[in-house]
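Taking it in order: structure first as structure tokens, then the write-up.
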Amino acid sequence: MQLNFDDERPIFIQIAEQIEDAILSGAFPEESQIPSTTEISVSYKINPATALKGISILVDSGIVYKKRGLGMFVAEGAVEKLRNKRKDEFYENYVSKLVREAKRLNFSKEDIISMVERGFEE
Amino acid sequence: MKCLSVDNVTKRFGDITALSGINLDFYENKIYGLLGRNGAGKSTLLNIITGRLFADEGSVTLDGTPVIENEKNLSRIFMMSENNYYPESMKVSEAFGWTKEFYPSFDMERAYDLSERFGLSPNKKIKSLSTGYSSIFKLITALSTNAPYILLDEPVLGLDANHRDLFYKVLIEVYSENPATFIISTHLIEEVSGIVEGVVVIDAGRIICNESRESLLSRYCCITGAVSAVDAFVQDKKVIASETLGGLKNAYIEGTVVKGSLPEGLNISGIDLQKLFILLTNKGGRKQ
Amino acid sequence: MNIKAALKYRLYDSKKPILIYYLAIAGLLLLLFTSFMSIKISSGRVNGMEMASAIFLFVFGMNSFKESFRLFMQNGVSRKTVFVSQLLSALIICATMSLIDNIISFLNKIIFTSDRFSYTGLIEQIYGKQGSGISMAILSFVFCFSLNLAFLSLGFLITTLYYRMNKGQKIAVSIGVPALLYVILPVLDTILFKKALSDAFGKLFSFAFGSPFASILSCIILSAVFYCFCWPLIKKAVVRD
């Protein structure tokens, strides 16, 4: 895991995204504990307040929850929730661009679908 | 007010004005980076805060009462200096012991634990330590005092990459366990940029920047693209510096740019703290 | 308040040099004693070893500012505490050493009691016998204490003065003061004042130190004056590298 200090996105957002990635990849399964604020801030060498802010985003969106006295845990259904969220982002980041470019180059819908099918077969 | 305040401090050495009209507030339990080039006045400022030097004008207060010659306040501040102020023959372990006499909250267990982690032998005489280990000794002392205000002047001087890495981790551990206000004066901005919450930039004896790292960095960005496109885009914006590489141009601007509003072919990126520091303190890019 | 810790440090810091000093004194006395026993010297006198302590304390005073000041500044000690702890430690050290010296003196009198060899304490050496028994012991103690304090405080004043001076001032004082004392004043005294200056000084000296009581009073006053000069010097002292 790596933080990018000259990324235009603030560090706390990057922290939140990296934990999301870890949940999606199965590194932190549902109902398992995620690292504490201190552990995160020590290993990334960032201010604990920044780490806390990153985790708060996940708490607010229901991805993780706090067990009193124990720490932060991945919520049930978090993977599903994240996948839906990422689906929207995927559409925004990739599909809409793809379609825009395809229209510009006069590719038909069928052309694109067959290309996508080819991509999956390879 | 709960903070360490520097009010209108001016300090002259002969004809040279080392600090002029400094106003700063350091709040409880925050980590500050005090950044400045060599000779900018960082050490002078820290020495005035701790009463080791006298200001020509202005004052330093802690929660509203003066710091100078006030032991109640002085004992709430610990400063690790760049220089070594321990007697010739004193051993590391003795220095820990005496620090505990003056700072009763000094955590002896932590001091010995950290000594072991850094490989510092407590039986060594302080004067026999190398530059790196001298810094390590002073760091361990400072991090063990549990004083509410800890000032670190060039804390990683002479430390190798591994020890620097360990120091930053230990700093965060100690801070998480016993929150305190840390003021870290350093040249190695990149390394502390994630750690500091507040950024104070001092240049030629004046404060040119004093705000949270996040809000500071969010006010600046870098636009990259073809020279003509970049020039057209930044026309009405406040450009603090720019550089060209062949037909490509980077323009560093003050102000926020909405990503969607960016024309095709232009890219936006953030500016890291070190880069921003260089831009702000370079002669050309200095804000007057 | 840090005064307790500061005083503790000062006393701890003085232990070693004082111990070394007394070891040297013990060695010296042993040497004298053995040579007195073995070598056939016809006669001898051992006098006022207390003066050695006063001179030691002068040097000790000269070494008791810079190092401790820096350590104290590092540890959030106020300048007032720097001064007060020095004064308190000086009183304790001078009293302790005066006590030790008088005990040594007492022992010496027991050891060196042949007709060939004798021992005399400092006060007796200067002023002759002053009463006897307890009153003499107390007087000797107070006399040595005040002498110690005057020497220590002079040493301390010189070192704080030097700490506050820049290089040029240090050189000027280092050359100027001896030149004034050994060249200018004697020359003026001989040529201009026809020895009136040295006469006046001699009279002043015999007035101030003419009796044990006058000496004690003069030493205490001098110590107080030296400390009065020290305080403003310390009050504005800064940490220099």
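Every chain is numbered from 1, with letters handed out A, B, ... down the list of sequences.
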Side chain, backbone, both or neither of Glu173(B) within contact of chain A (heavy atoms, under 4.5 Å):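 For Glu173(B), backbone and side chain are both near chain A.
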Chain A contact via Val170(B) - which portion, at a heavy-atom distance below 4.5 Å: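 For Val170(B), no heavy atom lies under 4.5 Å from chain A.
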For Glu191(B) and Arg164(B), indicate whether the former's side chain and the latter's backbone hold a donor-acceptor pair under 3.5 Å.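 Absent.
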Mind checking side-chain contact (heavy atoms from CB on, under 4.5 Å) for Asn178(B) and listing every partner two or more places apart, or none if nothing turns up?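 For Asn178(B), the residues satisfying side-chain contact (heavy atoms from CB on, under 4.5 Å) (neighbours in sequence not counted) are Arg110(B), Asn146(B).
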Using side-chain contact (heavy atoms from CB on, under 4.5 Å) as the criterion, list what pairs up with Tyr91(A), not counting sequence neighbours.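 Tyr91(A) satisfies side-chain contact (heavy atoms from CB on, under 4.5 Å) with Val95(A), Ser96(A) only.
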Listed by chain and number, what are the salt bridge (charged side-chain N to carboxylate O under 4.0 Å, His left out) partners of Glu82(B), not counting sequence neighbours?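 Per chain and number, Glu82(B) pairs via salt bridge (charged side-chain N to carboxylate O under 4.0 Å, His left out) with no residue.
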Aromatic contact, Tyr133(B) with His163(B) (centres under 6.0 Å):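 Between Tyr133(B) and His163(B), the centre distance is under 6.0 Å.
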Residues of residues 45-69 of chain A near chain B, each having a heavy atom less than 4.5 Å away: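 So far as heavy atoms go, Lys45(A), Ile46(A), Asn47(A), Pro48(A), Ala49(A), Thr50(A), Lys53(A) are the residues that approach chain B to under 4.5 Å.
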Between Asn250(B) and Tyr252(B), is a side chain to side chain contact (heavy atoms under 4.5 Å, CB included) present by the stated rule, with each step listed? CA-CA 6 Å; Asn250(B) 285 337; Tyr252(B) 300 97; 3.9 Å; yes
Heavy-atom side-chain proximity of Val199(B) to Asn210(B) below 4.5 angstrom: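 Answer no - side chains too far apart.
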